[in-house]
Structure formats: C-alpha cells, structure tokens
Protein chains: 2
Amino acid sequence: MLKVSKLTDYGIGLMASLARREGDNLVAARELSADSGLPLPTVSKLLKVLTSSELLVSTRGASGGYALARRPDQITLVDMIEAVEGPLALTECSGNAACVCELETTCGLKANWSWINQQLLNTLRGITLQNMAGSVARDLRTLTNENTIQNSTKKAVS
Amino acid sequence: MLKVSKLTDYGIGLMASLARREGDNLVAARELSADSGLPLPTVSKLLKVLTSSELLVSTRGASGGYALARRPDQITLVDMIEAVEGPLALTECSGNAACVCELETTCGLKANWSWINQQLLNTLRGITLQNMAGSVARDLRTLTNENTIQNSTKKAVS
DNA sequence: TTCATATAGTACCGTAACAGTACTCTTTCG
DNA sequence: CGAAAGAGTACTGTTACGGTACTATATGAA
Ligand code: FES
Ligand code: FES
C-alpha cells in the first residue's frame with residue numbers, strides 16, 4: 001500500500017541509532033539489538049545488507065562491529081530504502097528498466113508514472129540520515145509549503 | 001517496495017480510459033475490459049471498488065454501466081490509490097491512527113515518518129485524473145523543479 | 001596457540017497479502 | 001419474460017514478507 005516494508009523501517013532506525021553515536025566508531029550488532037529491542041538475527045541481517053550496499057563498514061572478529069561508511073548528511077532516504085528493498089519503482093513501468101508490460105500500448109500511462117516516480121525520488125533524496133536522526137520537520141521547516149527540491153527556480157503556475 | 005499494487009495500476013488505467021471518453025456517459029465493464037486487455041472479472045472487481053469509494057457511479061440493469069462521479073480534475077491520485085488499497089501510510093507509524101508500535105519509545109522516528117508521509121501525500125494530491133489521462137509532465141512542467149504544491153510561499157532556505 | 005567474540009553466509013519456514021477466477025444474486029430495459 | 005448488466009461472495013495459487021536457525025570465517029586477547 002505504497003508502504004515501505006517493516007524491515008526497511010527497522011533498518012533506517014538502526015542507521016539513525018548509529019548516526020546519533022558520534023563517539024563510538026564501532027558498534028556491535030548485539031548492542032544495537034539491545035537498545036532497539038529488535039531480535040538479534042533480524043538486526044544482523046539488516047546490518048549485513050546495509051554493509052553490502054556500502055552504507056556501513058564492518059570490522060570482523062572480536063571487538064568488531066559496524067560504523068557509518070559516510071557522513072550522515074551524505075546518506076539519503078533513497079539510499080537506505082533501496083539498500084533494503086531494491087530499486088524503488090512506483091509501478092512495473094516506472095522504473096528505468098525496459099518495461100515488460102504488454103499493456104503498454106493500450107494503457108499508455110508509462111510516461112506519467114515515470115514522471116511521478118521521479119518526483120517522489122526527488123522528495124526522498126532531499127532527506128538525509130542526518131535529518132532522520134534529528135527532526136526532519138525542524139530541519140526542513142522552511143520547505144514545508146514548497147517541498148524539498150532545493151535549487152528551485154520559481155516560476156508562475158498557469 | 002514503495003510500490004503501488006498492480007490492481008491499483010489497472011484501476012487508474014480504467015479511470016483514465018473513462019476520463020478520455022467525454023462523450024459516452026455510460027460504459028459497460030465488458031467494454032473497458034475489451035479495450036484495456038484485462039480480464040473481465042478483474043475489471044469488474046475494480047470498478048465495483050471504485051464505485052463504493054464514490055469515484056464512479058454505476059447504473060445497473062441492461063444498458064447500464066459506469067461513469068465518473070466527478071470531473072476528472074476533481075479526482076486526485078490519492079483518491080484513486082486509497083480507493084483500491086486503503087489509506088496509504090508509508091510506515092506503521094506514519095498514519096493518523098494511534099501508533100500501536102511498541103518500539104516507539106526507542107525508535108522515535110514516528111514524527112519524521114509522519115512528516116515525510118505528508119509530503120508524499122501532498123505531491124500525489126497535486127496530480128489529478130485529468131493529468132493522468134493526458135500528460136502529467138506537460139501539465140505540470142513548470143513545477144518540475146519545485147514540486148507540486150501550488151500555493152507555495154517562497155522562503156529562503158538556510 | 002587457543003578461545004571467545006564478532007560478522008558473513010546460507011538455508012528454511014509460516015503467514016499474509018496479492019492476483020486471478022468462478023459462481024450466484026439482483027436490477028433494469030426491451 | 002428474458003437478456004444484459006452490475007453486486008456480492010467465495011475460493012485458489014503464488015509470491016513476498018518477516019522471522020529463525022545454523023554454519024563458516026575472521027580477529028583480538030588470554
Ligand atoms: S501498465 Fe505498463 S504501460 Fe501502463
Ligand atoms: S517504528 Fe514505531 S515509532 Fe519507530
């Protein structure tokens with residue numbers, strides 16, 4: 001239902017948790033499990049996936065753990081969502097991949113969906129892990145009535 | 001995956017198809033099935049659901065059919081998506097309903113998700129069936145770099 | 001060098017939502 | 001009446017989600 005999966009939600013929660021600990025540069029999965037209340041296996045799976053998407057770096061062995069791969073303001077919502085649930089496309093047709101939908105000729109909504117998809121991506125790309133770790137509403141307050149695109153060139157709307 | 005379900009896609013396709021036929025004021029499900037290429041039972045189910053959400057009006061009996069309940073520019077994407085797949089909430093916590101998530105205290109992302117959800121809703125609410133029946137990109141071209149909120153009060157971003 | 005601790009990798013399973021289909025009932029026009 | 005159309009119900013197969021268990025590998029410390 002235009003919903004982000006639970007796992008994704010959890011994953012972003014973990015990222016935010018890591019972002020808030022500026023001090024410790026290595027945090028074990030067990031620790032994150034403890035203070036998020038999520039079962040360890042779930043946390044492990046998520047951290048692994050986030051690592052393979054290069055949002056986290058991991059150190060194995062005793063006293064190992066995870067840390068952010070980049071500065072929190074260099075990681076966007078799109079990065080995190082796509083890490084967990086793959087490239088996000090609003091519909092079958094809206095992705096960049098060649099549309100395999102046979103209805104394309106009769107339906108003809110593909111261009112529209114792609115455009116909308118792009119808008120949503122832009123909105124989500126404007127929100128960073130840094131924002132999520134704090135208050136998005138505060139950080140982007142001034143944008144509330146015009147959305148998140150930064151370099152907007154103001155034009156009149158017909 | 002932040003994806004709208006196939007049925008929803010179909011449903012919007014049907015709505016668009018209806019919007020394009022300004023002339024005929026009653027179209028049978030069988031007819032829509034024929035020129036969309038979708039199986040009749042699927043089309044019927046969708047039309048029924050769209051009717052119960054008051055986006056369409058139906059006339060029963062012989063020579064009955066469906067018609068738009070409102071002008072195409074008075075029907076938004078949110079209306080259509082919610083008709084098929086229920087109220088749309090990006091996460092468990094982002095809806096208006098009381099959050100039942102027990103992680104609320106430790107995760108504390110609820111406010112952020114709600115805000116983001118609201119942004120997406122605003123974007124989608126700015127797109128009407130009329131736009132979808134034609135070209136969204138053309139209609140909203142001037143808004144491409146600042147998104148779809150109309151009554152924006154321009155402010156500087158810090 | 002051995003052991004405890006940590007991540008990496010794999011594999012599996014139960015549930016629920018999605019997507020499709022079939023069948024029956026009711027209404028209305030000719 | 002009877003054909004045509006929508007309304008309602010019920011069932012099914014498939015897939016993705018969410019959770020769990022188990023094993024392998026790497027590393028620091030005793
Ligand atoms: S569903 Fe593929 S083009 Fe519309
Ligand atoms: S998951 Fe419910 S508040 Fe974060």
Side-chain angles (χ1 to χ4, degrees), chain A residues 1-11 13-14 18 24-34 36-67 69 81 84-89 91-92 101-103, chain B residues 1-11 13-14 18 24-34 36-67 69 81 84-89 91-92 101-103:
Chain A
M1 311 166 178
L2 200 57
K3 180 179 292 183
V4 89
S5 83
K6 258 200 220 172
L7 272 309
T8 306
D9 191 7
Y10 297 163
L14 295 173
L18 276 167
D24 352 4
N25 40 7
L26 272 186
V27 184
R30 175 161 283 124
E31 198 171 343
L32 288 169
S33 161
S36 68
L38 296 169
L40 179 57
T42 301
V43 171
S44 290
K45 182 160 46 168
L46 280 169
L47 293 173
K48 186 180 38 173
V49 127
L50 290 167
T51 302
S52 70
S53 296
E54 310 193 316
L55 299 183
L56 297 180
V57 289
S58 67
T59 305
R60 299 176 67 157
S63 77
Y66 293 92
I81 295 176
V84 181
E85 45 193 56
L88 57 83
T91 64
E92 317 286 336
C101 160
E102 322 85 37
L103 305 171
Chain B
M1 310 165 183
L2 201 57
K3 180 179 293 183
V4 89
S5 85
K6 257 198 219 172
L7 273 310
T8 306
D9 192 6
Y10 297 162
L14 295 174
L18 276 166
D24 353 3
N25 41 5
L26 270 186
V27 184
R30 175 162 282 124
E31 197 171 343
L32 287 169
S33 162
S36 69
L38 296 170
L40 178 57
T42 301
V43 171
S44 290
K45 181 160 49 168
L46 280 169
L47 293 174
K48 185 179 40 171
V49 124
L50 290 166
T51 302
S52 71
S53 295
E54 309 193 316
L55 300 183
L56 297 179
V57 289
S58 67
T59 305
R60 299 176 68 157
S63 79
Y66 293 91
I81 296 176
V84 181
E85 47 193 54
L88 57 83
T91 63
E92 316 285 336
C101 159
E102 324 83 36
L103 304 171

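Just so it is clear: chains get the letters A, B, ... in the order the sequence lines come, proteins before strands, and each one is counted from 1.
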Check: residues 46-54 of chain B side-chain donor-acceptor pairs under 3.5 Å, at least two apart:
unit_1, atom_1, unit_2, atom_2, d
B:Thr51, OG1, B:Leu47, O, 2.7
B:Ser52, OG, B:Val49, O, 3.0
B:Ser53, OG, B:Val49, O, 3.3

Please find the pair of heavy atoms, one from [X] and one from [Y], that lie closest to each other, and give the distance.
| X | Y | value |
| --- | --- | --- |
| B:Val57 | B:Ala69 | CG1-CB, 3.9 Å |
| A:Glu85 | A:Val4 | OE2-CG2, 3.8 Å |
| B:Tyr66 | B:Leu18 | O-CD2, 4.0 Å |
| B:Ala29 | B:Val43 | O-CG1, 3.8 Å |
| A:Leu26 | A:Ser63 | CD1-O, 3.9 Å |

Whole-Å distance separating the [atom1] atom of [X] from the [atom2] atom of [N]:
| X | N | atom1 | atom2 | result |
| --- | --- | --- | --- | --- |
| A:Glu85 | D:dC17 | CD | P | 7 Å |
| B:Leu46 | C:dG20 | CG | C1' | 11 Å |
| B:Leu40 | C:dT24 | CG | P | 16 Å |
| B:Ile81 | C:dC18 | CD1 | P | 14 Å |
| B:Tyr66 | D:dA7 | OH | C1' | 7 Å |
| A:Lys6 | C:dT15 | NZ | P | 15 Å |
| A:Lys3 | D:dA16 | NZ | P | 18 Å |
| A:Leu47 | C:dA6 | CG | C1' | 12 Å |

> Using a cut-off of less than 4.0 Å, is there contact between a side-chain N or O of B:Arg30 and OP1 or OP2 of D:dA5?
Replying inline: yes
>> Please tell me if B:Ser5 has a side-chain N or O lying less than 4.0 Å from either OP1 or OP2 of C:dA19.
In response: yes
> Looking only at atom types and distance, does a side-chain atom of B:Ser44 sit under 3.5 Å from a main-chain N or O of B:Leu40, one as donor and one as acceptor?
Replying inline: yes
> Counting only N and O atoms by type, is there a donor-acceptor contact under 3.5 Å from the side chain of A:Ser36 to the main-chain atoms of A:Leu32?
Replying inline: yes
Dump the pairs, protein N or O against N or O of nucleotides 28-30 of chain C, anything under 3.5 Å, distances to one decimal.
unit_1, atom_1, unit_2, atom_2, d
C:dT28, O2, B:Ala62, N, 3.1

> Is there a side-chain contact between A:Thr8 and B:Thr91 (heavy atoms, below 4.5 Å)?
Replying inline: no
> Which of the following nucleotides, D:dG6, C:dG20, C:dA6, is nearest to the side chain of B:Tyr10?
Replying inline: C:dG20
Where do N or O atoms of nucleotides 8-14 of chain D meet protein N or O atoms at under 3.5 Å, pair by pair?
unit_1, atom_1, unit_2, atom_2, d
D:dG8, N7, B:Lys48, NZ, 3.3

